[in-house]
S.K.: 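Dropping the structure in here first, questions after.
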Amino acid sequence: MSARLNMATVDSAAYKAMMGLEGYLQTISLNHIQKELIKIRASQINKCAFCLDMHTKDAIKYGETTQRIFILEGWREAKELFTEEEQVLLAMTEEITLISQNGLSEETFQKAKQYFDDAQIAQIIMAIVTINAWNRIAVSTHLPIAK
């Protein structure tokens, strides 16, 4: 599959806006592993090979284990490998990524409130929204995987 276009050069203003969101995400309270779990899980759901390649490598760089990365899609059957906070992040990621199914459920939102304050929940939502936008850009433009 060949690349369709390069968003950074074709519409630099839009790309710059996306990079602004990335800059914002560098300032939020989630740690690197939490952010990468969100990015990987959303990218699995959206079948974004480019983002999966990038964020699994980044997660390993930040100390994530290959076992947890390999099992991430089945995290509900391997809860002992993920903290309760991470389980909430993953549930939020799935529900927000698949927003048209049921949205962010009240049950998941209430669980999130047990571990995160409102500002952190807003940050988590923005992290999920941002990776979903990147997934859509990469898949739509056939962004090639680095070799």
S.K.: Could you give all pairs that pass the salt bridge (Lys or Arg N to Asp or Glu O under 4.0 Å) test and reach residues 83-92, with sequence neighbours left out?
M.R.: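 Qualifying pairs: Arg68-Glu86.
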S.K.: Filter on ring-ring contact (aromatic ring centres under 6.0 Å, His included), then keep only pairs touching residues 37-92, sequence neighbours left out; what's left?
M.R.: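 ring-ring contact (aromatic ring centres under 6.0 Å, His included) check on residues 37-92 returns His32-Tyr62.
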S.K.: Enter the distance from Cys51:SG to Arg136:CZ here, rounded to the nearest 0.5 Å.
M.R.: 10.5 Å
S.K.: Restricting to side chain to side chain contact (heavy atoms under 4.5 Å, CB included), what partner residues turn up for Glu107, sequence neighbours left out?
M.R.: Ser105, Lys111
S.K.: Hey, does the side chain of Gln123 reach the backbone of Ser29 with a donor-acceptor pair shorter than 3.5 angstrom?
M.R.: yes
S.K.: Please, which pairs that meet ring-ring contact (aromatic ring centres under 6.0 Å, His included) have at least one residue in residues 85-109, sequence neighbours excluded?
M.R.: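 Listed once each, the pairs would be none.
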S.K.: Going by the rule side-chain hydrogen bond (donor to acceptor under 3.5 Å, both in side chains), which residues pair with Asp53 if we only count those two or more places apart in sequence or in a different chain?
M.R.: Lys57
S.K.: Under the side chain to side chain contact (heavy atoms under 4.5 Å, CB included) criterion, do Lys113 and Asp118 qualify, and how do the steps go?
M.R.: CA-CA 7 Å; Lys113 289 185 75 73; Asp118 286 347; 2.8 Å; yes
S.K.: With a 3.5 Å distance limit and no angle check, can you tell me whether Arg41 reaches the backbone of Glu94 through a side-chain donor-acceptor pair?
M.R.: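 Looks like no, no N/O pair under 3.5 Å.
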S.K.: Say whether Met126 and Ile28 are linked into one hydrophobic cluster, either directly or through other cluster members, by side-chain heavy-atom distances under 4.5 angstrom.
M.R.: yes
S.K.: Which heavy atom in Lys35 sits nearest to a heavy atom in Gln26, and how many Å separate them?
M.R.: NZ-CA, 3.9 Å
S.K.: Check side chain to side chain contact (heavy atoms under 4.5 Å, CB included) between Thr97 and all other residues, then give those that pass, not counting sequence neighbours.
M.R.: Ala42, Ile45, Asn46, Thr93, Ile128, Asn132
S.K.: Check the pair Leu89, Phe116 against side chain to side chain contact (heavy atoms under 4.5 Å, CB included), reporting the backbone distance first and the verdict last.
M.R.: CA-CA 10 Å; Leu89 291 174; Phe116 305 104; 4.0 Å; yes
S.K.: Testing the basics here: between Ile69 and Ala59, what is the closest heavy-atom pair and its distance to 0.1 Å?
M.R.: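 So the two residues come closest at CD1-CB, 4.0 Å.
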S.K.: With rounding to the nearest 0.5 angstrom, report the CG to CD distance, Leu72 to Glu64.
M.R.: 8.0 Å
S.K.: Please enumerate all residues that pass side-chain hydrogen bond (donor to acceptor under 3.5 Å, both in side chains) together with Asn102, with sequence neighbours excluded.
M.R.: none
S.K.: Looking only at heavy atoms, what is the nearest atom pair of Ser140 and Arg4, with distance?
M.R.: O-NH1, 2.9 Å
S.K.: If you take all heavy atoms of Leu90 and Leu37, which pair is closest and at what distance?
M.R.: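 The pair with the smallest heavy-atom distance is CD2-O, 4.0 Å.
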S.K.: Please give me the minimum heavy-atom distance between Met18 and Thr130, naming the atom from each residue.
M.R.: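 Closest approach of Met18 to Thr130, heavy atoms only: CE-O, 4.0 Å.
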S.K.: Looking at Glu36 and Ile33, would you say the former's side chain and the latter's main chain have a donor-acceptor pair under 3.5 Å?
M.R.: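 Such a contact is absent between Glu36 side chain and Ile33 backbone.
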S.K.: Which atoms form the tightest heavy-atom contact between Ile38 and Ile124, and what is the distance?
M.R.: CD1-CG2, 4.3 Å
S.K.: For Lys79, give me all partners under salt bridge (Lys or Arg N to Asp or Glu O under 4.0 Å), at least two apart in sequence or on another chain.
M.R.: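 Testing Lys79 for salt bridge (Lys or Arg N to Asp or Glu O under 4.0 Å), a comparison that skips the adjacent residues, returns none.
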S.K.: Out of curiosity, does Ile137 fall in the hydrophobic cluster containing Leu52 (side-chain heavy atoms, cut-off under 4.5 Å, transitive links)?
M.R.: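 No; Ile137 is not reachable from Leu52 via cluster members.
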S.K.: Once ring-ring contact (aromatic ring centres under 6.0 Å, His included) is applied, do any residues pair with Tyr24, and if so which ones, sequence neighbours excluded?
M.R.: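 For Tyr24, no residue satisfies ring-ring contact (aromatic ring centres under 6.0 Å, His included) once neighbours in sequence are set aside.
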S.K.: Nearest 0.5 Å, please: how far is CD in Gln44 from CG in Asn135?
M.R.: 10.5 Å
S.K.: Under the side-chain hydrogen bond (donor to acceptor under 3.5 Å, both in side chains) rule, collect the residues that match up with Gln114, sequence neighbours excluded.
M.R.: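 By the side-chain hydrogen bond (donor to acceptor under 3.5 Å, both in side chains) rule, Gln114 matches no residue at all.
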S.K.: Who pairs with Ile125 by side chain to side chain contact (heavy atoms under 4.5 Å, CB included), at least two apart in sequence or on another chain?
M.R.: Met92, Ile96, Ile121, Val129
S.K.: Check side-chain hydrogen bond (donor to acceptor under 3.5 Å, both in side chains) between Tyr15 and all other residues, then give those that pass, not counting sequence neighbours.
M.R.: none
S.K.: Say you draw a straight line from CD of Glu73 to CD1 of Ile71; how long is it, rounded to the nearest 0.5 Å?
M.R.: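 Glu73 atom CD to Ile71 atom CD1 measures 12.0 Å (nearest 0.5 Å).
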S.K.: Should Leu25 and Leu21 be regarded as members of a common hydrophobic cluster, given that ILVMFWY residues are connected when their side-chain heavy atoms come within less than 4.5 Å of each other, either directly or indirectly?
M.R.: yes
S.K.: With side chain to side chain contact (heavy atoms under 4.5 Å, CB included) as the test, would you mind laying out the steps for Lys61 and Asp58 before giving the verdict?
M.R.: CA-CA 5 Å; Lys61 179 178 74 178; Asp58 287 348; 4.0 Å; yes
